[in-house]
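Values in this document were obtained by computation on a predicted structure and should not be read as measured data.
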Amino acid sequence: MERPSPTPLTTPQIETAHGAVLGLDNVRLGLPLAGLGSRGLATFVDHLLALLGIAIWGLGVLSLFNLAGLSGPWAVALFLIGAFLIQWGYFAACELTMDGQTPGKRALGLRTVSSVGGRASSAAILLRNLLRSLDLAVGVPIMALDTRSRRLGDLVASTLVVHHRGERDGAPSLGRVPDSWTGRDVAVVESLLGRAHAMEPERARRMAEQVNGWLRRREPDFIADGEAEWADDAPAPDDPLVYLSRILAAEV
């Protein structure tokens, strides 16, 4: 018999005006949206770095064709192809390897996330950056009109750019999550684990047990695989928060 698909862990609502997510037991996830000014400055820094790479590429192409005694449209074509790949590859590669950030975003404390506050998928990052060239022409007016300062690439890829406070948020990184979870589920549980120390102990325990119970009912294989990775001398902890952190391989 085919196993039914697990129901979502949470059904949070998005408050567009404030960039906030309400999730498990109304845990509020603040999404401090980045505005046009901070995003523009970060993009300026990144384009300077990308242009530096393009300039180096151009000098390399020129040197190559001079050494080979060649000239003409082939050099222009090779330069343009390389310039596009450098510009697109710079932003895409940085966001994929730097957890939604680029050097410009990191300098300004910004980060690309999913529309519900979780980590943006690789497909979303590639898609939003594929439209970056088009956004050079239409991105600013679209961001000025959009309530969440999204450019065309963000609208198509369902992403947001937010102010990222890093370790000061105390939000852990989940090392493993069930395949059925969406970005909002991950964001809600990360918020719970990151803010548990500031909550009433009993309320935090109850919420953690709620998630643990959901996992036991809906994802027994995930639970079994997680517990199997624990050492024999490390039994399952009694504290539901500690158990949840361990089963999700959470790291601060």
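Between Ser133 and Trp88 there is no side-chain heavy-atom pair separated by less than 4.5 Å. Inter-residue side-chain proximity for Pro103 and Cys94 is flagged as met; some heavy-atom pair is nearer than 4.5 Å.
The pair Glu209-Arg216 counts as a salt bridge, with a side-chain nitrogen and a carboxylate oxygen less than 4.0 angstrom apart. Salt bridge status for Asp239 with Arg246: absent, with no side-chain N to carboxylate O gap under 4.0 Å. No salt bridge links Arg111 with Glu95; every basic N to acidic carboxylate O contact stays at or beyond 4.0 Å.
No single ILVMFWY cluster, assembled from side-chain heavy atoms under 4.5 Å apart, contains both Val162 and Leu108. Placement of Val140 and Leu152 in two distinct hydrophobic clusters is found when ILVMFWY residues are connected by side-chain heavy-atom separations under 4.5 Å, directly or transitively. Follow the hydrophobic side-chain contacts under 4.5 Å out from Ile81 and you reach Leu130 in the same cluster. In the hydrophobic clustering of ILVMFWY residues, with side-chain heavy atoms under 4.5 Å counting as a link, Leu192 and Trp214 come out together. If you chain together hydrophobic residues whose side chains sit under 4.5 Å apart, Leu51 and Phe84 never meet in one group.
Interatomic distance, CG of Asp238 versus OH of Tyr243, reported as 11.5 Å (0.5 Å rounding). For the atom pair CG of Leu36 and OG of Ser149, the computed distance is 6.5 Å after rounding to the nearest 0.5 Å. Taking OG1 from Thr112 and CG from Leu96, the interatomic distance works out to 10.5 Å, rounded to the nearest 0.5 Å. Atom CE of Met207 is separated from atom CD of Glu202 by 12.0 Å, given to the nearest 0.5 angstrom. Going from atom CD1 of Ile223 over to atom CZ of Arg218 covers 14.0 Å, rounded to the nearest 0.5 Å. Remark: Thr43 OG1 to Leu136 CG distance equals 9.0 Å, nearest 0.5 Å.
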Q: Report the C-alpha distance between Leu248 and Val189 in whole Å, list the side-chain angles of each, state the deciding distance to 0.1 Å, and finish with yes or no for side chain to side chain contact (heavy atoms under 4.5 Å, CB included).
A: CA-CA 10 Å; Leu248 298 176; Val189 175; 3.6 Å; yes
Q: For side chain to side chain contact (heavy atoms under 4.5 Å, CB included), just list the numbers for Val161 and Gln101, CA-CA rounded to whole Å, side-chain angles, deciding distance to a tenth of an Å, and then say yes or no.
A: CA-CA 9 Å; Val161 176; Gln101 292 185 306; over 6 Å; no
Q.
With side chain to side chain contact (heavy atoms under 4.5 Å, CB included) as the criterion, how do Met143 and Arg39 come out once you've worked through the C-alpha distance, each side chain's angles and the decisive distance to 0.1 Å?
A. CA-CA 10 Å; Met143 290 173 64; Arg39 291 190 61 174; 3.6 Å; yes
Q: Any chance you could lay out the side chain to side chain contact (heavy atoms under 4.5 Å, CB included) test for Ile125 and Thr159, step after step, and finish with the verdict?
A: CA-CA 8 Å; Ile125 288 176; Thr159 56; 5.9 Å; no
Q: Could you please spell out the steps behind the salt bridge (Lys or Arg N to Asp or Glu O under 4.0 Å) verdict for Arg106 and Asp46?
A: CA-CA 10 Å; Arg106 178 164 292 182; Asp46 285 322; over 6 Å; no
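At distances below 3.5 Å, not a single donor-acceptor pair connects side-chain atoms of Ser38 with backbone N or O atoms of Ala34. A donor-acceptor pair under 3.5 Å is formed between the side chain of Arg176 and the backbone N or O of Ile247. For Asn212 (side chain) and Pro240 (main-chain N/O), a donor-acceptor pair under 3.5 Å exists by modelled atom type. Checked by atom type and distance alone, the side chain of Asp135 never pairs as donor or acceptor with a backbone atom of Arg151 at under 3.5 Å.
In plain terms, the two heavy atoms of Asn129 and Ala92 that are nearest each other are ND2-CA, 3.7 Å. Contact between Phe222 and Pro178 at its shortest, heavy atoms only, is CE1-N, 3.6 Å. Scanning both residues, Leu127 and Ala157, for their nearest heavy atoms gives CD2-CA, 4.1 Å. Closest non-hydrogen pair, Ala42 versus Leu110, comes out as CB-CD1, 4.0 Å. Contact between Gly53 and Ile86 at its shortest, heavy atoms only, is O-CD1, 3.7 Å. Taking all atoms of both residues into account, the shortest heavy-atom contact from Leu160 to Asp154 is N-OD1, 4.5 Å.
Ala50 pairs by the side chain to side chain contact (heavy atoms under 4.5 Å, CB included) definition with Tyr90, not counting sequence neighbours.
Residue pairs meeting the ring-ring contact (aromatic ring centres under 6.0 Å, His included) criterion with at least one partner in residues 33-52, sequence neighbours excluded, are His47-Phe91.
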